[in-house]
Amino acid sequence: MAVNVEELRGIAAQRERYLGQLNRLKKLNKQTSCVEAAVSSACETLRAGTSSFVIYGEPQSGKTEMMICLTAKLLDDGNRVIIHLLNDSVQLLQQNLDRFQRSNLSPAARNFSDVIDPEYSFATGFHVIFCKKNASDLAKLNQKLERVREKVVIDDEADFATPNALINKGDVTRINALIKQLISHDGVYIGVTATPARLDLNNTFDNDNERWVNFPPHEAYTGQDVFFPLDTPVGFSLQTLPDTDDSPKYLREAIFRFLVRVAALNLSTGVDENFSMLIHTSGKKLDHRSDKKPIDDVMNALSDVHSKKFESYTRELDKIAAKLYGAEQASRILGYIVKNCDQTTTIIMNSERDKNVDFKSATSPAAMFTFVIGGNIVSRGVTFDNLLSMFFTRDSKHKIQQDTYIQRARMFGSRKKHLPHFELTIPEQLYLDWQRCFVFHKLALEAIKTKKGSPVWLADQRIAAVAPSSIDKANVLLDKGEMSFPIFDYSAGIERIIKETNDPLTCLRRLQAEIGDSLPDYLVQYVQRILPNGPSSIAIHQSSTIENMKDADKVKIERTKGLFGQVRREFPDAVHHFKIFFNDKKKARVIYKFNGNISFLKNVKHA
C-alpha cells in the first residue's frame, strides 16, 4: 500500500497542542479555568497589536503550568520561535526545562546550548528554547538568532535582572540591552512575574501597563488573604518573636514544633510522608552554616539515646506535643519522632551557581524531616512541596523592598491540605511590615485587574515599592498622593448616600454596595484598620464635576497633578479622604487620598 504523503503532512499540521496541555492538566485533576483565562487574555492582547506586556499572578500560583499552556497556544497560532528566559541559576533552568519536557509539548523544549550548535537550523519547524539571563548565554543566543524575525520572548521572574537599573544615568545594563536585542525585528516581549511594579516604574521595553494580563490563582491556592489576613484570625500557626532577640533557642524550639507536627500528621493519616522546614534568616553564607548547628544538635541528640541532651530534648518535645495535640497523643508522637529521627537531611542553598546542591531533594523533600537553609536563592522561582514550617527572621531594622519581600513568601501555594498544621515563625514587626507589603501590592493592582486604569504603587517610611535606581524618574510621578479606581455610572442616589449617612464607615459600605469594585473591599478593610482619630479619621467629600478642570482628562477622569486640592480644612482630623469626580456623560471615579507618610508612584509615560 502506497504511503499518502499529503495526508501525513495534513496530520502533522493539525496538532492541537493547547487543547492537549489542558487535557493533561485535567487528567491530573488540576483546575484549568485560571490558565485558560490568562492564555485567552494574553492572545487577545497580542491580537490587539500590543507587543510588550506583563502577565502577573500570585507567588507560587502555578505560573509554570500557565507558561506551558501559553507556549502551546502560541505555537498553535503559528509562532515558530519561542524563547523562555529564566534567572541565572542552573538548577532553576533545569527544573523548568524538565517540567516543559515532561509535559510532552511539541516540539520538546531545548536548552540554548543545544541550539547554538552550528548544525542547528531555524530555517524550518517550531522551536522552544530555554536560556538563563546571563550575559554570555544571551550574547551567544542573539548571535545565532540575528536573522530570525518575529520571536516571542517569555521572561520568567521578569522583574529580576531584566529592568534597566541604569535608566537615570543615561546608560543601559548589559542584560537589558541583550534582551532588547533579542526582541528586535518584530519580536514580542511577555514578562511573567508576581511583582510587576519594577517593570512598570522602569518602563521596561515600554510595556503597556493598561494591557497587562491577570493570571488568577487556582481554587486550592493559599496566598496573602490566608497568611496576611486583615480582619480575620489566621488559619495556621503564627509564632511571633521579639524583634530584638535573635537567640538560637527560638530556632531550636521551631525545630521541635516541626518534628511534632510531622509526626502528628503522619500518625493521623497512617502514611509516612516527607515534609520540609525552610529556614530563611540571612543572605550571608556564614549565617547559613550557623543555622545548621541547631538542626544538627537536635537531630544528633535524638538519634543517640545515651546522649546528654536526649532526656532534656525529649521532655521538651513531650510538652510541645501535649500543648499542640493533647496529652493523650503526646507519647505516640514522641515515640514516632524517636523511631524516625534518623530519616533527616539538611540542605544549604547558598547561591545560583552552586551545582552541588541537591535542588530536587530541597524542593520535593526526600527525607521525612527535611531542613532547607537559604537566603536569596530560595526567594524566587523555587516551589517547596510539602513545606510545613518556615522560620523567617530577615533583618527588619531597615527599609524593606516590597517586590523582594513579596517574592519571599515561599509559604504561598497549594497548602490547603496541610494548612492547619503549617507554622510561620517570624519577628512581629517583620510580619506587620510584610503584611503591609501585600496590602500595598493588592491596592496597586486593583485598577489593572479591571482593565480600567494604570496602577499606583505605594510606599512608606518602612517599605519601598522597588529599588530607587530602577524608577524611570522622567516618567514616574512621585507623591501625587492619590489612588483612583475603575469608572462607574454616576447617579443621584450615590450623592444621597453621601449626604444622608453620618457614620463614614457605614457610608463607605453603602457606596461599595452601590458601585462594587469601583470602591474595592480591600481598601475599605485597610482604612478600617488605621483610624488614629476614630471615625473622624475618614472624610467623605461631596462629589464634584471634572468638567471645570481645564487640564484634566474628562473621559478617563484623571489629572496629572491629581484631582484633590487641599483636604484638611473641612476635615482636620481625617487621614483617609474619599471623593467622587464625575463628567458630563455621568461617568465617575472614586479618588482616595491619604494624609500621612504614604508615597504614591505612578507611571505617566502612556497616559
Side-chain angles (χ1 to χ4, degrees), residues 12-13 15 17-18 20-21 24 63-158 160-162 174-175 177-192 351-360 363 377 380-382:
R15 291 178 189 162
R17 301 174 181 86
Y18 180 48
Q21 291 303 320
R24 175 182 63 84
K63 288 189 286 295
T64 302
E65 291 290 11
M66 182 274 292
M67 287 190 287
I68 292 172
C69 291
L70 175 61
T71 302
K73 184 70 171 81
L74 291 169
L75 291 166
D76 284 348
D77 289 348
N79 295 280
R80 290 184 53 249
V81 179
I82 299 173
I83 302 155
H84 285 265
L85 301 182
L86 297 98
N87 287 349
D88 190 10
S89 163
V90 174
Q91 297 98 327
L92 275 177
L93 181 137
Q94 196 54 52
Q95 183 188 55
N96 282 274
L97 184 58
D98 182 67
R99 287 183 67 179
F100 264 72
Q101 290 173 339
R102 288 179 185 278
S103 73
N104 293 325
L105 178 70
S106 177
R110 294 172 177 267
N111 196 340
F112 97 101
S113 56
D114 296 330
V115 305
I116 61 171
D117 187 295
E119 299 298 316
Y120 190 92
S121 173
F122 285 96
T124 60
F126 292 82
H127 311 267
V128 178
I129 306 159
F130 273 64
C131 184
K132 302 192 303 296
K133 286 187 265 189
N134 169 291
S136 173
D137 294 359
L138 285 167
K140 291 173 186 173
L141 187 60
N142 266 311
Q143 189 175 6
K144 179 73 178 185
L145 291 169
E146 63 180 341
R147 296 186 182 180
V148 178
R149 304 179 71 85
E150 298 181 349
K151 302 175 288 285
V152 178
V153 172
I154 300 176
D155 185 2
D156 192 15
E157 304 292 350
F160 189 76
T162 301
R174 182 83 172 121
I175 299 295
L178 287 165
I179 297 174
K180 187 172 184 178
Q181 184 183 342
L182 203 59
I183 59 176
S184 60
H185 306 302
D186 306 318
V188 167
Y189 176 81
I190 303 174
V192 179
S351 74
E352 290 89 344
R353 293 175 179 82
D354 190 348
K355 296 179 182 179
N356 297 319
V357 171
D358 188 355
F359 206 76
K360 191 169 180 63
T363 56
I377 187 175
R380 277 183 177 269
V382 186

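As the structure is a computational prediction, the values presented were derived from the model and not from experiment.
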To the nearest 0.5 Å, what is the distance between [atom1] on [X] and [atom2] on [Y]?
X	Y	atom1	atom2	result
R99	T64	CZ	OG1	4.5 Å
K132	Q94	NZ	CD	10.5 Å
R149	R80	CZ	CZ	13.0 Å
D156	N87	CG	CG	7.0 Å
K140	N134	NZ	CG	8.5 Å
N96	K63	CG	NZ	11.0 Å

Minimum side-chain heavy-atom gap [X]-[Y] below 4.5 Å:
X	Y	result
V128	L75	yes
V188	L74	no
K151	L145	yes
V192	M67	yes
K133	I179	yes
Q181	E146	no
F130	L86	yes
K144	F112	no

Closest approach of [X] to [Y] (non-hydrogen atoms, all atoms of both residues):
X	Y	value
S121	H127	O-CE1, 3.4 Å
L182	L138	CD2-CD2, 4.3 Å
A72	L105	CB-CD1, 3.7 Å
C131	D137	SG-CB, 3.8 Å
N142	L178	ND2-O, 2.9 Å
G191	A158	CA-CB, 3.5 Å

Start with the C-alpha distance between D88 and I175, add both sets of side-chain angles, then the distance that settles side-chain contact (heavy atoms from CB on, under 4.5 Å), and finish with yes or no. CA-CA 11 Å; D88 190 10; I175 299 295; over 6 Å; no

Checking D114 against Y120 for the side-chain contact (heavy atoms from CB on, under 4.5 Å) test, could you report, in this order, the C-alpha distance in whole Å, the side-chain angles of both residues, the deciding distance, and whether it holds? CA-CA 8 Å; D114 296 330; Y120 190 92; 5.7 Å; no

Evaluate whether atom CD of E150 has more than 12 neighbouring non-hydrogen atoms of other residues, nucleotides or ligands under 6.0 angstrom away.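 No, because the 6.0 Å sphere around CD of E150 holds 12 heavy atoms or fewer from other groups.
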
Any donor-acceptor pair under 3.5 Å from R17 side chain to S106 backbone: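 Yes: the side chain of R17 pairs with the backbone of S106.
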
Check: I68 main-chain N/O paired with Q21 side-chain donor or acceptor under 3.5 Å: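 Not at all, since once roles are kept as given, no pair shorter than 3.5 Å links the two residues.
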
Start with the C-alpha distance between D77 and Y18, add both sets of side-chain angles, then the distance that settles side-chain contact (heavy atoms from CB on, under 4.5 Å), and finish with yes or no. CA-CA 10 Å; D77 289 348; Y18 180 48; over 6 Å; no

Please say which of I129, V81, I83 ends up in a side chain to side chain contact (heavy atoms under 4.5 Å, CB included) with V115. I129

Can H84 and T71 be said to form a side-chain contact (heavy atoms from CB on, under 4.5 Å), step by step? CA-CA 9 Å; H84 285 265; T71 302; 2.8 Å; yes

Have a look at D98 and tell me which of Q95, Q101, R102 forms a side chain to side chain donor-acceptor pair (under 3.5 Å) with it.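 Among Q95, Q101, R102, the one that satisfies the side chain to side chain donor-acceptor pair (under 3.5 Å) with D98 is R102.
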
